[in-house]
Chemist: 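Here it is: the structure, laid out below.
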Amino acid sequence: QVQLVESGGGLVQAGDSLRLSCTIGGRTLSAYDMGWFRQAPGKERSFVAGIWSGGSTYYGDSVKGRVTISRDNAKNMVFLQMISLRPEDTAVYYCAMKSRLRVGWERQAFDYWGQGTQVTVSS
């Protein structure tokens with residue numbers, strides 16, 4: 001059974017940093033592409049960052065320069081390092097996994113999702 005579990009969210013002030021973690025159970029991480037998405041209240045889920053199985057990365061325009069995605073295949077974990085957080089970053093952040101054979105970073109391409117971790121950035 002595949003399971004993705006996010007952790008590391010919380011309440012922070014504008015300008016602070018956070019590192020989110022995602023632990024994958026039931027599959028070997030190395031064969032998959034991974035992504036982070038976020039969803040604010042009343043808004044659709046949007047793409048934040050992606051990392052190919054080979055290690056290359058891709059970022060959404062809204063977070064480029066403030067976010068770094070990484071992976072540790074030996075630990076079956078992926079991370080999202082965020083700096084210079086803004087109130088607009090407040091959302092539930094989701095970890096997602098897809099086959100390396102599927103093209104694109106849209107949410108429909110991802111096969112498995114975690115339940116999310118809340119990030120709240122106060123002014």
Side-chain angles (χ1 to χ4, degrees):
Q1 191 76 25
V2 176
Q3 187 177 33
L4 281 64
V5 180
E6 302 95 337
S7 62
L11 175 62
V12 298
Q13 293 184 337
D16 283 356
S17 300
L18 272 180
R19 190 175 82 153
L20 307 182
S21 300
C22 176
T23 302
I24 295 88
R27 296 287 176 89
T28 300
L29 177 61
S30 60
Y32 295 89
D33 299 335
M34 301 296 298
W36 286 95
F37 292 75
R38 66 185 183 184
Q39 188 167 19
K43 301 187 69 176
E44 293 187 345
R45 195 168 301 185
S46 61
F47 174 78
V48 176
I51 184 165
W52 279 267
S53 60
S56 298
T57 58
Y58 181 73
Y59 298 98
D61 289 339
S62 64
V63 298
K64 192 171 296 183
R66 301 189 297 118
V67 166
T68 302
I69 186 172
S70 60
R71 63 194 296 155
D72 187 335
N73 290 338
K75 296 181 179 179
N76 255 34
M77 296 183 70
V78 297
F79 307 95
L80 185 71
Q81 178 70 50
M82 301 184 289
I83 64 171
S84 302
L85 285 164
R86 308 164 181 171
E88 308 94 273
D89 296 319
T90 295
V92 177
Y93 284 72
Y94 296 90
C95 178
M97 183 171 71
K98 72 176 181 73
S99 168
R100 61 182 174 85
L101 301 179
R102 300 186 71 171
V103 177
W105 296 107
E106 64 275 4
R107 63 185 185 274
Q108 300 96 302
F110 288 81
D111 301 295
Y112 303 102
W113 295 82
Q115 291 188 334
T117 185
Q118 176 72 48
V119 174
T120 303
V121 185
S122 63
S123 301

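Just so you know, residue 1 is the first one in the sequence shown, and it goes up from there. A quick note: this is a predicted structure, and the numbers were derived from the prediction, not measured.
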Chemist: Any side-chain heavy atom of L80 within less than 4.5 Å of one from R38?
Modeler: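 No - every pair of side-chain heavy atoms lies 4.5 Å or more apart.
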
Chemist: Which pair of heavy atoms, one from W36 and one from L20, lies closest together, and at what distance?
Modeler: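 Distance-wise, the nearest heavy atoms are CH2-CB, 3.8 Å.
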
Chemist: If you round to the nearest 0.5 Å, how far is CD of Q13 from CG of L85?
Modeler: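 With rounding to 0.5 Å, CG (L85) is 11.5 Å from CD (Q13).
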
Chemist: Please find the pair of heavy atoms, one from S84 and one from S17, that lie closest to each other, and give the distance.
Modeler: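 Minimum heavy-atom contact is N-OG, 4.4 Å.
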
Chemist: Answer yes if L18 and Y93 sit in the same cluster of Ile, Leu, Val, Met, Phe, Trp and Tyr residues linked by side chain heavy atoms under 4.5 Å apart, and no otherwise.
Modeler: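 Shared cluster, yes.
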
Chemist: For E88, look at atom CD and say whether over 12 heavy atoms of other residues, nucleotides or ligands are found less than 6.0 Å away.
Modeler: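 Atom CD in E88 is packed in, count exceeds 12.
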
Chemist: Side chains of Q118 and T90: closer than 4.5 Å at any heavy-atom pair?
Modeler: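 They are in contact (side-chain heavy atoms under 4.5 Å apart), so the answer is yes.
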
Chemist: For R86, is there an ion pair with D89 - N to carboxylate O distance below 4.0 angstrom?
Modeler: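 Between R86 and D89 there is no salt bridge, as every charged N stays at least 4.0 Å from the carboxylate O atoms.
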
Chemist: Donor-acceptor check, side chain of E6 to backbone of C22, threshold 3.5 angstrom: yes or no?
Modeler: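 Checking the backbone N and O of C22 against the side chain of E6, no donor-acceptor pair under 3.5 Å is found.
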
Chemist: Search all heavy atoms of D33 against all heavy atoms of F110 and return the closest pair with its distance.
Modeler: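 Heavy atoms only, the tightest pair is O-CE2, 4.5 Å.
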
Chemist: So if you build clusters from Ile, Leu, Val, Met, Phe, Trp, Tyr with side-chain heavy-atom gaps below 4.5 Å, do W105 and V67 land together?
Modeler: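 No, because W105 and V67 fall into different hydrophobic clusters, even though each may have its own neighbours under 4.5 Å.
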
Chemist: So V121 and V119, do their side chains get closer than 4.5 Å, heavy atoms only?
Modeler: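 V119 vs V121: side chains touch.
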
Chemist: Kindly indicate whether the side chain of C95, heavy atoms from C-beta on, has any atom under 4.5 Å from the side chain of W113.
Modeler: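 When only atoms from C-beta onward are counted, W113 and C95 do not touch, as no gap falls below 4.5 Å.
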
Chemist: Under 3.5 Å, is there a donor-acceptor pair between the side chain of N76 and the main chain of R27?
Modeler: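 At least one qualifying donor-acceptor pair exists.
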
Chemist: How long is the straight-line distance from OH of Y32 back to CD1 of I24, given to the nearest 0.5 Å?
Modeler: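 It is 11.0 Å, given to the nearest 0.5 Å.
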
Chemist: Measure from the side-chain N and O atoms of R71 to the backbone N and O of L29, and report whether any donor-acceptor pair falls under 3.5 Å.
Modeler: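 Yes; at least one donor-acceptor contact below 3.5 Å.
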
Chemist: Counting neighbours of CZ on R100 that are heavy atoms of other residues, nucleotides or ligands and sit closer than 6.0 Å, is the number greater than 12?
Modeler: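 No - once you tally the heavy atoms of other residues, nucleotides and ligands closer than 6.0 Å, there are 12 at most.
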
Chemist: Ignoring hydrogens and angles, tell me if any N or O in the side chain of D72 forms a donor-acceptor pair with the backbone of M77 under 3.5 Å.
Modeler: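 A pair under 3.5 Å: no.
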
Chemist: If hydrophobic clusters are built from ILVMFWY residues whose side chains come within less than 4.5 Å, do L4 and Y94 share one?
Modeler: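 The answer is no; the residues belong to distinct hydrophobic clusters.
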
Chemist: Mind listing the closest non-hydrogen atom pair of A109 and G104 along with its distance?
Modeler: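 Closest approach of A109 to G104: CB-O, 3.9 Å.
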
Chemist: Calculate, to the nearest 0.5 Å, the distance between atoms OG and CD belonging to S21 and Q81 respectively.
Modeler: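 Here the rounded value is 9.5 Å.
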
Chemist: Is it true that, when you exclude Q115 itself, more than 12 heavy atoms of the residues, nucleotides or ligands shown sit nearer than 6.0 Å to its CD?
Modeler: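 No - once you tally the heavy atoms of other residues, nucleotides and ligands closer than 6.0 Å, there are 12 at most.
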
Chemist: With a 4.5 Å heavy-atom cut-off, do V48 and M82 have their side chains touching?
Modeler: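 Contact flag for V48/M82 side chains = no.
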
Chemist: Side-chain heavy atoms under 4.5 angstrom apart, residues restricted to Ile, Leu, Val, Met, Phe, Trp, Tyr: same cluster for V63 and I51?
Modeler: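 Yes, it is one cluster - the side chains of V63 and I51 are joined through contacts under 4.5 Å.
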
Chemist: Assess R107 against F37: is NZ or CZ under 6.0 Å from the centre of the six-membered ring, and within 45 degrees of the ring's axis?
Modeler: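 Not satisfied by the 6.0 Å and 45° rule.
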
Chemist: Counting N and O atoms only, with roles assigned by atom type, does the side chain of T117 sit under 3.5 Å from a partner on the main chain of G9, one being a donor and the other an acceptor?
Modeler: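 Between the backbone of G9 and the side chain of T117 there is a qualifying donor-acceptor contact (under 3.5 Å).
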
Chemist: Got a donor-acceptor contact below 3.5 angstrom from the S99 side chain to the L101 backbone?
Modeler: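 A pair under 3.5 Å: yes.
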
Chemist: Of all the heavy-atom pairs spanning S30 and S53, show the shortest one and how long it is.
Modeler: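 Shortest heavy-atom separation between S30 and S53 comes out as O-CB, 3.5 Å.
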
Chemist: Does a side-chain heavy-atom distance below 4.5 Å link I69 with Y59?
Modeler: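 The answer is yes; the side chains approach within 4.5 Å.
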
